[in-house]
Number of protein chains: 2
Amino acid sequence: MDAMLDTEGKETSATHGAYRKLRELILTGELPPGQKLKIEQLRGLLDTGASPVREALSLLTSDMLVERIDQRGFRAAPVSKCNFEEILLLRCNLEETALRASITNADAAWEDRLVLRHHHMKKASQNGAQDFEDAHKAFHMALLDNSKLPLLLRYCSQLYDLNIRYRYLAAGGSSYKKRDIAAEHQQILDAALNHDADGATRHLIDHYRRTGEYLSSQMEP
Amino acid sequence: MDAMLDTEGKETSATHGAYRKLRELILTGELPPGQKLKIEQLRGLLDTGASPVREALSLLTSDMLVERIDQRGFRAAPVSKCNFEEILLLRCNLEETALRASITNADAAWEDRLVLRHHHMKKASQNGAQDFEDAHKAFHMALLDNSKLPLLLRYCSQLYDLNIRYRYLAAGGSSYKKRDIAAEHQQILDAALNHDADGATRHLIDHYRRTGEYLSSQMEP
DNA sequence: GTCTCCAAAAATATCGATATTATTTGACAT
DNA sequence: ATGTCAAATAATATCGATATTTTTGGAGAC
């Protein structure tokens with residue numbers, strides 16, 4: 001259709017492209033919680049047709065980032081302290097399960113992956129915030145992915161994204177850097193490499209609870 | 001458009017109707033695992049347009065009942081013993097969390113709901129299998145829904161559906177009736193009404209494990 | 001006989017237009 | 001003034017048609 005300028009060359013389907021962009025806009029808060037998402041408006045914003053936009057919104061519904069109101073369109077999922085606390089609770093529960101399973105299955109290849117992801121994350125912390133966000137998620141997911149439990153990983157990934165949204169909303173996405181998060185990551189990594197399941201899960205959960213308390217204190221009731 | 005014959009009168013949007021029907025077809029195994037889901041074919045089967053079918057398939061993707069292969073359409077999600085065992089594991093974990101929270105929040109209204117759902121389930125066991133299925137799910141979800149944790153409930157509901165699919169696939173949906181399932185339900189109900197969190201979760205998990213072992217034994221490696 | 005490559009067929013993804021449904025606006029009666 | 005109802009407006013949901021991509025099938029070369 002267009003001149004097929006594959007300078008970017010990565011997006012195959014319009015639906016998938018719209019999905020990625022919309023997801024980003026909602027996660028970062030550029031499309032604020034509760035906002036009505038009109039098809040026409042988004043069609044312009046993402047310059048594509050109405051069908052891809054609709055499908056992207058349907059997909060985001062599964063990620064719980066968009067709500068569909070039957071016959072009345074879509075809107076960005078609302079936020080609440082209650083919702084945030086549930087996310088925190090579930091993350092602690094599910095990530096503990098996944099991390100323990102990962103350590104049970106530990107092998108050299110996994111340890112290599114961990115070390116590598118950790119290194120990349122440290123390097124990325126000097127680059128832009130977006131680079132760090134990506135590397136941070138990659139490190140956390142690497143901790144879990146040796147569990148070989150795809151459904152569980154999917155849930156963890158979903159909850160991770162829901163959580164990061166609250167970080168962006170509370171403080172523009174950089175507040176958590178002020179704590180000494182590097183040390184916390186190092187502790188988790190070391191425990192995992194030592195196959196110390198109890199220690200690793202304790203550090204991981206502390207890591208989440210600490211961030212959680214800070215964010216929770218910043219929100220209205 | 002049509003003569004709007006609202007004899008049925010419940011389905012508002014074509015998308016939602018297609019979603020419900022497709023979901024049913026996949027859960028019961030009428031559309032077997034791994035099967036290619038061609039738009040045209042479904043368009044005929046559900047007699048509606050291509051757009052509602054497409055959106056319904058997108059929604060089912062979130063339920064993990066349909067897989068989307070980029071640019072290559074959709075297919076019914078595959079099954080495997082591995083996948084089944086993960087579902088069982090996660091259900092035990094998540095439903096325990098939810099049930100304990102429900103009991104923590106226990107009040108008279110919840111207990112009434114439980115008794116009622118249990119009664120309806122017993123009554124429905126004399127009706128058709130579909131009626132019983134619905135009542136069975138309603139009872140199990142009632143056990144959990146006093147947790148007031150909507151995300152958790154959503155995951156439990158999803159996993160419940162994924163599990164029931166295996167029941168249909170393994171034995172046409174009626175095999176589990178041969179065990180004395182009524183007694184097991186009664187035990188769970190009684191423990192819940194007594195606010196006995198340990199007993200209730202133990203009975204619930206045994207209930208799942210027993211069904212799980214039976215189904216697992218019926219599957220190829 | 002097998003492999004490669006190209007053309008034909010089928011299926012998907014996307015667009016533009018239309019019908020349907022919700023929302024707003026303003027006139028009228030109280 | 002205020003509340004209610006109806007027409008106008010806007011937005012969603014759906015359809016039919018087209019462009020793109022994948023898959024199929026078969027002709028020719030080695």
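Chain A is the first sequence line, chain B the second, and so forth, proteins listed ahead of strands; every chain is numbered from 1.
- Ionic pairing of B:R43 and B:E40 is present here: one or more N-O contacts between side-chain nitrogen and carboxylate oxygen are shorter than 4.0 angstrom.
- For the residue pair B:Y19 / B:R23, a side-chain donor-acceptor distance below 3.5 Å is found, with atom types taken as modelled.
- Regarding B:R43, its CZ atom lies at a distance of 9 Å from the C1' atom of D:dC15, rounded to whole Å.
- For the OP1/OP2 pair of D:dT14 and a distance below 4.0 Å, the side-chain nitrogens and oxygens of B:T15 include at least one atom meeting the criterion.
- Rounded to an integer number of Å, the gap from CD1 of B:I69 to C1' of C:dA11 is 13 Å.
- Listed pair B:T48 / D:dT14 fails the phosphate criterion, with no side-chain N or O lying under 4.0 Å from OP1 or OP2.
- Atom-to-atom, CG of B:L59 to P of D:dA13 comes out at 11 Å; the value is rounded to the nearest Å.
- The A:F74 side chain lies nearest to D:dA13 when the options are C:dT12, D:dA13, C:dC15.
- Taking 4.0 angstrom as the limit, A:K36 places a side-chain polar atom (N or O) nearer than this to OP1 or OP2 of D:dT12.
- To the nearest angstrom, P of C:dT21 lies 17 Å from CD1 of A:I39.
- Summarising the geometry, the separation between NE2 on B:H16 and P on D:dT14 is reported as 11 Å, rounded to the nearest angstrom.
- The residue among A:E55 and A:R72 whose nearest nucleotide of DNA chain C is located toward the 5' end is A:E55.
- Between the side chains of B:T61 and B:E67, no donor-acceptor pair is found at a separation under 3.5 Å.
- Atom CZ in A:R68 sits roughly 10 Å away from atom C1' in D:dT12 (whole-Å rounding).
- Spacing between atom CG of A:L57 and atom C1' of D:dA13 amounts to 13 Å, rounded to whole angstrom units.
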Can you list, pair by pair, the side-chain donor-acceptor contacts under 3.5 Å of residues 92-102 of chain B, counting residues two or more places apart and other chains?
from	atom 1	to	atom 2	distance (Å)
B:N93	OD1	A:N93	ND2	3.4
B:N93	ND2	A:N93	OD1	3.4
B:N93	ND2	A:T97	OG1	2.8
B:E95	OE1	B:Y208	OH	2.6
B:E95	OE2	B:Y208	OH	3.2
B:E96	OE2	B:R100	NE	2.9
B:E96	OE2	B:R100	NH2	3.2
B:T97	OG1	A:N93	ND2	2.8
B:T97	OG1	B:N93	O	3.1
B:R100	NH1	B:D198	OD1	2.9
B:R100	NH2	B:D198	OD1	3.0
B:R100	NH2	B:T201	OG1	3.4
B:S102	OG	B:L143	O	2.9
B:S102	OG	B:L144	O	2.8
B:S102	OG	B:N146	N	3.0
B:S102	OG	B:S147	N	2.9

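- Comparing D:dT21, D:dT12, C:dT21 by their nearest atom to the side chain of A:Q71 picks out C:dT21.
- Side-chain atoms of B:R54 lie closest to C:dT14 of the nucleotides C:dT14, C:dC15, D:dA13.
- With respect to A:K21 and A:E30, no salt bridge is recorded, no charged nitrogen being found less than 4.0 Å from a carboxylate O.
- A straight line from CD of B:E40 to P of C:dA10 spans 12 Å, rounded to a whole angstrom.
- Between A:S13 and C:dT12, a side-chain N or O to OP1/OP2 separation shorter than 4.0 Å is absent.
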